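Nothing fancy with the numbering, it's 1 onward along the sequence. Since the model is a prediction, treat every value here as computed from it, not as a measurement.
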Amino acid sequence: MSTVKDLLGEKGGAVFAVTPDQPVLEALRVMADAGIGSVMVMQDGELLGILSERDYARKVVLLGRASHDTPVTHIMSSPVVTVQPSTGIHTCMRLMTDQRIRHLAVVADGAILGVVSIGDLVKRMLADQAVEIDQLKQYISS
């Protein structure tokens with residue numbers, strides 16, 4: 001069974017972050033430039049929250065706030081749901097489903113090592129299933 005560590009080994013551990021006092025518009029620019037759906041909210045190396053596209057849609061757009069003068073801290077989700085590198089991808093999928101979230105921060109010894117998305121997990125699970133199917137086909141035909 002694959003772990004988050006395996007997944008980060010493939011995709012990398014880039015972490016995109018903003019500070020809590022930055023305007024939401026700046027956080028959206030970071031997400032757009034990186035092609036990602038969330039950014040970590042950090043201050044002095046401490047993980048304070050996460051800001052996702054969903055947070056923006058529900059807490060800015062629907063409430064009629066302005067992106068350029070609303071600070072990230074007003075709409076971020078906190079606390080952040082985290083996992084360890086040794087966490088299995090099936091456990092991550094269950095956690096995301098139960099919590100109704102799309103991103104998990106990977107943390108070890110108080111440091112954020114990366115972020116995994118639901119898309120990352122689905123992609124990895126499909127690859128794992130393809131390998132298992134191939135192995136079963138080889139077993140049956142031998």
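Counting heavy atoms from C-beta outward, Pro20 and Gln43 have side chains that approach closer than 4.5 Å.
With rounding to the nearest 0.5 Å, the separation of NE2 in His103 from OG in Ser77 is 11.0 Å. Atoms CD and CG, on Glu26 and Asp21 in that order, are 9.0 Å from each other to the nearest 0.5 Å.
Heavy-atom minimum distance, Ser78 versus Gly49: CB-CA, 4.3 Å. Between Ser141 and Gln138, the shortest heavy-atom distance links the atoms OG-O, 3.3 Å.
In the hydrophobic clustering, where aliphatic and aromatic side chains (Ile, Leu, Val, Met, Phe, Trp, Tyr) are joined below 4.5 Å either directly or transitively, Met125 groups with Val4, Leu7, Leu8, Val81, Val83, Ile89, Met93, Leu95, Met96, Ile101, Leu104, Val106, Leu113, Val116, Ile118, Leu121, Val122, Leu126. Counting side-chain heavy-atom gaps under 4.5 Å among Ile, Leu, Val, Met, Phe, Trp and Tyr, the cluster of Ile36 also holds Phe16, Val18, Val24, Leu28, Val30, Met31, Val39, Val41, Leu48, Leu51, Tyr56, Val60, Val61, Val72, Ile75, Met76. Hydrophobic side-chain contacts under 4.5 Å tie Leu25 to no other Ile, Leu, Val, Met, Phe, Trp or Tyr residue. Leu63 shares a hydrophobic cluster with no other residue; no ILVMFWY side chain has heavy atoms under 4.5 Å from its own.
Residue pairs meeting the salt bridge (Lys or Arg N to Asp or Glu O under 4.0 Å) criterion with at least one partner in residues 120-142, sequence neighbours excluded, are Glu10-Arg124, Lys11-Asp120, Arg124-Asp128. Contacts classified as salt bridge (Lys or Arg N to Asp or Glu O under 4.0 Å) and involving residues 31-56 (residues at least two apart or in different chains) are given here: Asp55-Lys59.
Taking the salt bridge (Lys or Arg N to Asp or Glu O under 4.0 Å) definition, one finds that Arg102 meets it with nothing, sequence neighbours left out. Under the rule for a side-chain contact (heavy atoms from CB on, under 4.5 Å), the partners of Ala105 that lie at least two apart in sequence or sit in another chain are Met40, Leu47, Val80, Thr82, Val107, Ile112. The side chain to side chain donor-acceptor pair (under 3.5 Å) search around Thr3 returns Asp6, not counting sequence neighbours. In terms of the side-chain contact (heavy atoms from CB on, under 4.5 Å) criterion, Ala130 has no residue partners (sequence neighbours excluded).
Formation of a donor-acceptor pair under 3.5 Å by the Thr87 side chain with backbone atoms of Gln84 is found in this model.
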